[in-house]
Every structure is written in C-alpha cells, then in structure tokens.
Amino acid sequence: MRQKIVAGNWKMNKTFLEAEELVAQVAEALEKRNLSNTAVVLCPPFPYLELATDIAKEAKFSVGAQNVYPDDSGAFTGEVSPPMLASMEVEYCIIGHSERRKYFTESHEFLARKLDALLRHKIIPVFCCGEVLPERVAKKHFKVVEKQLNESLFHLKKNDMAKVVIAYEPVWAIGTGMNATPEQAQEMHAFIRGLIEKKYSKKLAEEITILYGGSCNAKNAKELFVKPDVDGGLIGGASLKAEEFIAIVDSL
Ligand code: PEP
C-alpha cells in the first residue's frame, strides 16, 4: 500500500522556544492517534533539527530538513551536508522547493546532485515540482513538470526512484491562499504517475507517494486528500499552528 504522508515545511519561521512548543504540541496530539500507514514529518529550520529528532525518538513523527548541499564535506560556508543530516537521524529532506529554485537559482542539474547525495546517505528526498502561473495560463504546466522530473529525477535507477517522495506544488498556490482545485491536483498527480509508469513500471507508478502542496489547510485538506492519486500534503503556513496541522493530519 502507498505510504501516506503529511509533512510540515516550517520554512524560516519560529524562534527556538516557539519551535520547542510547536514540536511538543504536535507530539502530544499525535500520541492519541492511530497513524497506521501515515507518516507525519516535521521539517523545521536547521538549528531546530536536533530538538525535533530528540523528541521524535519517543513520538509518532519523523523529521525532515528543508535543504541540503550535495557534497559530503568541505569549504561550503553555511551549508549542511547529507552525512550531517544522517548523523542527526533526519529521515527526509525537501529539495526543489520553488522558493529555492527562485531565490537561490537552483538548477535541475544541481537538484539531481542533491537527490543522488541524499539517496547515498539513505535520506528520503521530497522532490518538489510545479509550474508558475503564466505557465499554467499558457497550458504549459504538464510540459514544465515533465521537464523538472526528466532533468532532476529520471536518471535514477528503479530501486532508487522507489525511495523518492514527489510533491506537486503549483507555485501560484504556495502561500497565496489560492489552492489548486482537487481536480487540478488529481489531474497533475495522475499525469506524474503516468510519466513514472512510462519511464519505470506500472508497479512503481502505483507505489510512489505523491503529495500536494500549496495553500493546503484544515478546510480544504479533505477534498484534496480524497482524490485517488493524492497521497497527502506538503504543508507550509498551516503547519505553523499545531491545531491546524493536526486537523490536516486527521483529514488523511
Ligand atoms: C510550501 O511551502 O511547501 C507550501 C505548500 O506552502 P503553503 O502551504 O504555505 O502554501
């Protein structure tokens, strides 16, 4: 059965004490829940990863990073490597987020290197893809996503591809309050699954987890998650309040 996931991308938010409080609130709420086949993943900023992985040892969530550098070590001031994340028991790492593509001009090729580096260190990549609004308006969204997958993901061998989580995040929906409709999400998720089937196999296409991200919240999560090819969500703003994040988990 396909793994369902709700992952919270905190982005650059929270002080240490606020982070401590949010992790504790999420841990406490999850304690009372039966999460069979659902993984809850918290992706706080780097300085709070240890706090989160410490609590995660006794709790029902996993921890993800929001970024990684593709080399193992070296003179890359300010960067964090896959072995560092692995040594802190970080299990997931977001890559290809539109904010990193836009503000840090991360290329398809650079993302492919990150992906390979994470897999070498047994960290699950959460690979984000999605089109900007003019591309959707011009009906180029399928082509754009296909290119993102082709250039950063599809060099992987089948057994590595099976370890990847994909997050479809239309850029026009991120942080705008304008989520994709469930039909738009389903259409793109089915398209992505079709590409995976063509490149790898039907079995792999059916088994891979594809998350939706972009203004997903407690009000709209259920109608998105009920779609057959939507396996959960990558949640930004709505992951910053425990109650709302947990309501999204409960929608799965
Ligand atoms: C994100 O940044 O991955 C995201 C989905 O943000 P938001 O939920 O705030 O739109």
Side-chain angles (χ1 to χ4, degrees), residues 4-14 18-19 22 26 39-46 48-49 52 61-68 90 92-106 111 114-115 118 124-133 135-136 141 144-145 148-149 152-153 164-182 184-186 188-189 192 209-225 227 229-252:
K4 306 264 186 187
I5 299 176
V6 175
N9 173 15
W10 292 10
K11 312 195 190 195
M12 195 175 72
N13 289 297
K14 304 286 178 192
E18 289 165 351
L22 180 52
V26 171
V40 177
V41 183
L42 299 186
C43 304
F46 284 136
Y48 312 145
L49 284 174
F61 67 85
S62 300
V63 179
Q66 298 175 17
N67 185 30
V68 72
V90 170
Y92 293 80
C93 182
I94 299 169
I95 57 168
H97 193 283
S98 61
E99 288 150 17
R100 297 224 48 100
R101 291 180 192 261
K102 179 177 174 189
Y103 301 125
F104 304 94
T105 56
E106 295 193 356
L111 294 176
K114 290 187 182 204
L115 195 83
L118 288 171
I124 300 168
V126 179
F127 178 79
C128 303
C129 57
E131 78 286 355
V132 295
L133 190 56
E135 291 165 339
R136 167 133 322 234
H141 45 297
V144 169
V145 169
Q148 290 169 339
L149 300 184
S152 302
L153 259 193
V164 174
V165 172
I166 295 175
Y168 170 56
E169 298 208 306
V171 182
W172 47 270
I174 295 180
T176 59
M178 189 172 76
N179 61 291
T181 64
Q184 287 171 324
Q186 167 58 29
M188 182 59 85
H189 286 221
I192 293 170
T209 298
I210 309 179
L211 308 180
Y212 168 77
S215 296
C216 183
N217 57 38
K219 285 206 183 94
N220 59 30
K222 207 170 219 140
E223 62 188 30
L224 285 157
F225 295 169
K227 290 293 177 189
D229 288 303
V230 178
D231 306 315
L234 179 54
I235 317 297
S239 70
L240 296 173
K241 287 197 182 119
E243 204 180 319
E244 172 133 34
F245 184 63
I246 293 299
I248 296 171
V249 173
D250 287 341
S251 305
L252 202 54

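Counting starts at 1 for both ligands and their atoms, following the listed order.
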With no hydrogens and no angle check, is any side-chain donor or acceptor of [X] less than 3.5 Å from a backbone partner on [Y]?
| X | Y | result |
| --- | --- | --- |
| Y168 | V145 | no |
| Y92 | I94 | no |
| Q186 | D229 | yes |
| T209 | V165 | no |
| D231 | I210 | yes |

Which segment of N9 sits under 4.0 Å of ligand 1 when only heavy atoms are counted: side chain

Closest contact, heavy atoms only, F46 versus N67: CZ-O, 3.1 Å

Nearest atoms (heavy-atom pairs only) where V68 meets C93: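 That would be CB-SG, 3.8 Å.
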
Sub-4.0 Å heavy-atom contact, G175 with ligand 1: yes

A173 heavy atom under 4.0 Å from ligand 1: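 Distance cut 4.0 Å: A173 passes for ligand 1.
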
Under a 4.0 angstrom heavy-atom cut-off, which atoms of ligand 1 come close to [X]?
| X | result |
| --- | --- |
| G237 | 7 (P), 8 (O), 9 (O) |
| G214 | 5 (C), 10 (O) |
| S215 | 7 (P), 8 (O), 10 (O) |

Closest approach of any protein heavy atom to atom 3 (O) of ligand 1, naming residue and atom: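 Among all protein heavy atoms, the one nearest atom 3 (O) of ligand 1 is E169 OE2, 2.7 Å.
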
Nearest candidate to atom 6 (O) of ligand 1, where distance is taken over non-hydrogen atoms, out of H97, M178, K11, Q66: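 Nearest option to atom 6 (O) of ligand 1, by heavy atoms: K11.
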
For atom 7 (P) of ligand 1, the option (of C216, G8, G236, G213) bearing the nearest heavy atom: G236

